[in-house]
Q: 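Below: one structure in structure tokens.
Predicted model only: the values in this text are computed from it and were never measured.
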Amino acid sequence: MDLSDSYWKSIDNGCIDAATQLGNICYKWTGPDTRDDAQQSACIDAAVADGANAILIAANSAEGINDSLRKAADAGCKIVYVDSAASYDCVTALSTDNVAASRTAGETMKSALQEQGITSGTIGIMGVTVDTASCVAREQGFREAFEGTAFTLSDTVYMQDNTENVKNAVAEGISQEYIGFFGTNEGTTAAVGTALQEEGTQSIVIGFDTSDTVLEMVSDGIIYATMKQNPEVMGRDGLKIAVQALEGTYTDTNTKTDTGVTVITQDAM
């Protein structure tokens, strides 16, 4: 989706590992500077023009890059989704079951609130963009975890590649006495933690992903817990399946694999 979050580099590391194991693989890592359908489509088009036989991609949106994916498939490319899928057909999609994982995030939040004797209040939710399917699914699962409770979940605030949007939302939430915040990815989670530090206050924060920054905040008690995905597995297994599809030994299409999450807390660390 972009070249900034360290999460994508973890997928890249998994791909490099698989390419090294398999040998005879020309592997190239690329992506847009920011999350943008047109820029990601241009990357796909460039890969096809460069002679790619297979493309592993974390789709920026469900529909926005389908034309380029269709052209890639017409050119003979095998398409494997990692982390976030588009709606266009693929060999396989390896990702976190984001709804289930964020239900776990919600249950973790409820447990943390219960520990502090908090039984009601408002929780802020920080998203990435309205089109980032993986994070939208996380919003859904998190909200489902609170159905039938006395807690209120705010309208989602979208970062849109600008952490100031999250920081401003956290400051506003603090002024309205929000009891906690949920970050749907690495960037939003780190931005929430940074905003709380700048405001000089504490709150219960549940996030996603495990960059060095996020893990340091968990260790310091700024973030209560974060959901650790398995991006290295997505990259490593995704590349291996792409090669198998090229060799004809993997013939299934549109399969899905949940690569799971682990709850990381200060105690767990």
Q: Could you please spell out the steps behind the side-chain hydrogen bond (donor to acceptor under 3.5 Å, both in side chains) verdict for Asp17 and Gln21?
A: CA-CA 6 Å; Asp17 184 39; Gln21 289 179 30; 3.1 Å; yes
Q: Take Ile264 and Gln266 through the test side-chain contact (heavy atoms from CB on, under 4.5 Å) and record every step on the way to the result.
A: CA-CA 7 Å; Ile264 304 296; Gln266 188 181 48; over 6 Å; no
Q: What closest approach, in Å, do Ala145 and Arg103 show between heavy atoms, and which atom pair accounts for it?
A: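 The answer is CB-O, 3.8 Å.
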Q: Any chain of hydrophobic side-chain contacts (each under 4.5 Å) joining Leu246 to Ile241?
A: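 Not linked; separate clusters.
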Q: Counting only heavy atoms not in Glu144 (residues, nucleotides, ligands), do more than 12 fall under 6.0 Å from its CD?
A: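 Buried by this count: over 12 neighbours within 6.0 Å.
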Q: Hey, are Lys9 and Asp12 close enough for a salt bridge, meaning a charged N less than 4.0 Å from a carboxylate O?
A: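 Salt bridge: yes.
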Q: Thr129 side chain to Asp131 main-chain N or O, any donor-acceptor pair under 3.5 Å?
A: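 Side chain of Thr129 to backbone of Asp131, a donor-acceptor pair under 3.5 Å: yes, one is there.
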Q: Going through the checks in order, is the side-chain hydrogen bond (donor to acceptor under 3.5 Å, both in side chains) test met by Glu63 and Ser87?
A: CA-CA 6 Å; Glu63 304 289 341; Ser87 59; 3.1 Å; yes
Q: So does Ile222 get a backbone contact from the side chain of Asp220, meaning a donor-acceptor N/O pair under 3.5 Å?
A: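 Checking the backbone N and O of Ile222 against the side chain of Asp220, no donor-acceptor pair under 3.5 Å is found.
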Q: Answer yes or no: are there more than 12 heavy-atom neighbours, outside Asp155 itself, under 6.0 Å from its atom CG?
A: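 Counting other residues, nucleotides and ligands, CG of Asp155 stays at 12 neighbours or fewer.
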Q: Can you find a pair of side-chain heavy atoms, one from Thr226 and one from Glu186, that are under 4.5 Å apart?
A: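 Thr226 vs Glu186: side chains apart.
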Q: Got Glu198 and Thr194 here, is their nearest side-chain heavy-atom distance under 4.5 Å?
A: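 In contact.
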Q: So, does Asp83 use its side chain to make a donor-acceptor pair with the main chain of Ala58 at under 3.5 Å?
A: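 No; judged by distance alone, with no hydrogens or angles, the pair does not exist.
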Q: To check you understand the geometry: which heavy-atom pair defines the closest contact between Asn98 and Ala137, and what is its length?
A: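 Minimum heavy-atom contact is CB-CB, 3.7 Å.
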Q: Strictly by modelled atom types, are Thr188 and Asn185 linked by a side-chain donor-acceptor pair under 3.5 Å?
A: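 Yes, a side-chain donor-acceptor pair sits under 3.5 Å.
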Q: What are the two closest heavy atoms between Ile55 and Ala72, and how far apart are they?
A: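 What the structure gives for the nearest pair is CD1-CB, 4.1 Å.
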Q: Can you establish whether the number of heavy atoms outside Asp252 located under 6.0 Å from its atom CG is more than 12?
A: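 Yes, CG of Asp252 has more than 12 neighbouring heavy atoms, counting only those of other groups under 6.0 Å.
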Q: Identify whether Val205 and Val166 are in the same connected component of the hydrophobic contact network (ILVMFWY, side-chain heavy atoms under 4.5 Å).
A: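 In one cluster: yes.
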Q: Donor-acceptor pair, distance only, cut-off 3.5 Å: does the side chain of Asp2 make one with the backbone of Ser4?
A: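 Answer holds: yes.
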Q: Is there a donor-acceptor pair under 3.5 Å between the side chain of Ser102 and the backbone N or O of Arg138?
A: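 At least one qualifying donor-acceptor pair exists.
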Q: Between Asp50 (side chain) and Ala52 (backbone), is there a donor-acceptor pair under 3.5 Å?
A: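 A pair under 3.5 Å: no.
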Q: For residues Val157 and Ile179: do they belong to one hydrophobic cluster (side chain heavy atoms under 4.5 Å, members Ile, Leu, Val, Met, Phe, Trp, Tyr)?
A: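 The answer is no; the residues belong to distinct hydrophobic clusters.
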Q: Linking I/L/V/M/F/W/Y whenever their side-chain heavy atoms sit closer than 4.5 Å, directly or via other members, would Ile125 and Val192 fall into one cluster?
A: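 Different clusters: Ile125 never reaches Val192 through Ile, Leu, Val, Met, Phe, Trp or Tyr contacts under 4.5 Å.
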Q: List the steps, then state whether side-chain contact (heavy atoms from CB on, under 4.5 Å) holds for Gln229 with Asp209.
A: CA-CA 6 Å; Gln229 302 186 83; Asp209 299 328; 2.5 Å; yes
Q: Please step through side-chain hydrogen bond (donor to acceptor under 3.5 Å, both in side chains) for the pair Arg143 and Thr156, ending with a clear verdict.
A: CA-CA 11 Å; Arg143 291 182 184 279; Thr156 302; 3.0 Å; yes
Q: Given Asp37 and Ile65, is the side-chain contact (heavy atoms from CB on, under 4.5 Å) satisfied, shown in steps?
A: CA-CA 6 Å; Asp37 286 347; Ile65 62 171; 4.3 Å; yes
Q: Test of understanding: clusters of I, L, V, M, F, W, Y form through side-chain heavy atoms closer than 4.5 Å, transitively. Do Ile223 and Leu196 belong to the same one?
A: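 Yes, same cluster.
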Q: Is any side-chain N of the basic residue among Asp67 and Arg70 closer than 4.0 Å to the acidic one's carboxylate O?
A: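 The answer is yes: the pair qualifies as a salt bridge.
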Q: Could you report the tightest heavy-atom contact between Thr30 and Leu3, atom names first, then the distance?
A: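 It is C-CD2, 4.0 Å.
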Q: Kindly indicate whether the side chain of Lys240, heavy atoms from C-beta on, has any atom under 4.5 Å from the side chain of Arg236.
A: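 In short, these two side chains touch, coming nearer than 4.5 Å.
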Q: Can you see which heavy atom on Ser120 is nearest to which on Phe151, and at what distance?
A: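 For Ser120 versus Phe151, the nearest heavy atoms are N-CE2, 3.4 Å.
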Q: Would you check, one step at a time, whether the test side-chain hydrogen bond (donor to acceptor under 3.5 Å, both in side chains) holds for Thr184 with Glu139?
A: CA-CA 7 Å; Thr184 57; Glu139 297 171 33; 5.4 Å; no
Q: Within the structure provided, determine whether Glu115 and Tyr224 are in side-chain contact (heavy-atom separation under 4.5 Å).
A: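 The answer is yes; the side chains approach within 4.5 Å.
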Q: May I ask you to test the Tyr81-Ile57 pair for a side-chain heavy-atom distance under 4.5 Å?
A: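 Answer yes - side chains close enough.
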Q: Can you find a pair of side-chain heavy atoms, one from Thr92 and one from Val80, that are under 4.5 Å apart?
A: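 With C-beta onward as the side chain, the pair touches.
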Q: Please report the closest heavy-atom contact between Leu239 and Tyr27, naming both atoms and the distance.
A: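 Looking at all heavy atoms of both residues, the shortest contact is CD1-CD1, 3.8 Å.
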Q: Describe, in one word, how the ring planes of Phe142 and Phe182 are oriented to each other, choosing from parallel (under 30°), tilted (30 to 60°) and perpendicular (over 60°).
A: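 Parallel: the ring planes of Phe142 and Phe182 meet at under 30°.
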Q: Whether the Arg35 and Asn60 side chains hold a donor-acceptor pair (N or O, under 3.5 Å, no angle test) is what I'd like checked.
A: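 Result is no, nothing qualifies.
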Q: Is there a side-chain contact between Ile204 and Leu113 in this structure, where contact means two heavy atoms from C-beta onward sitting under 4.5 Å apart?
A: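 With C-beta onward as the side chain, the pair touches.
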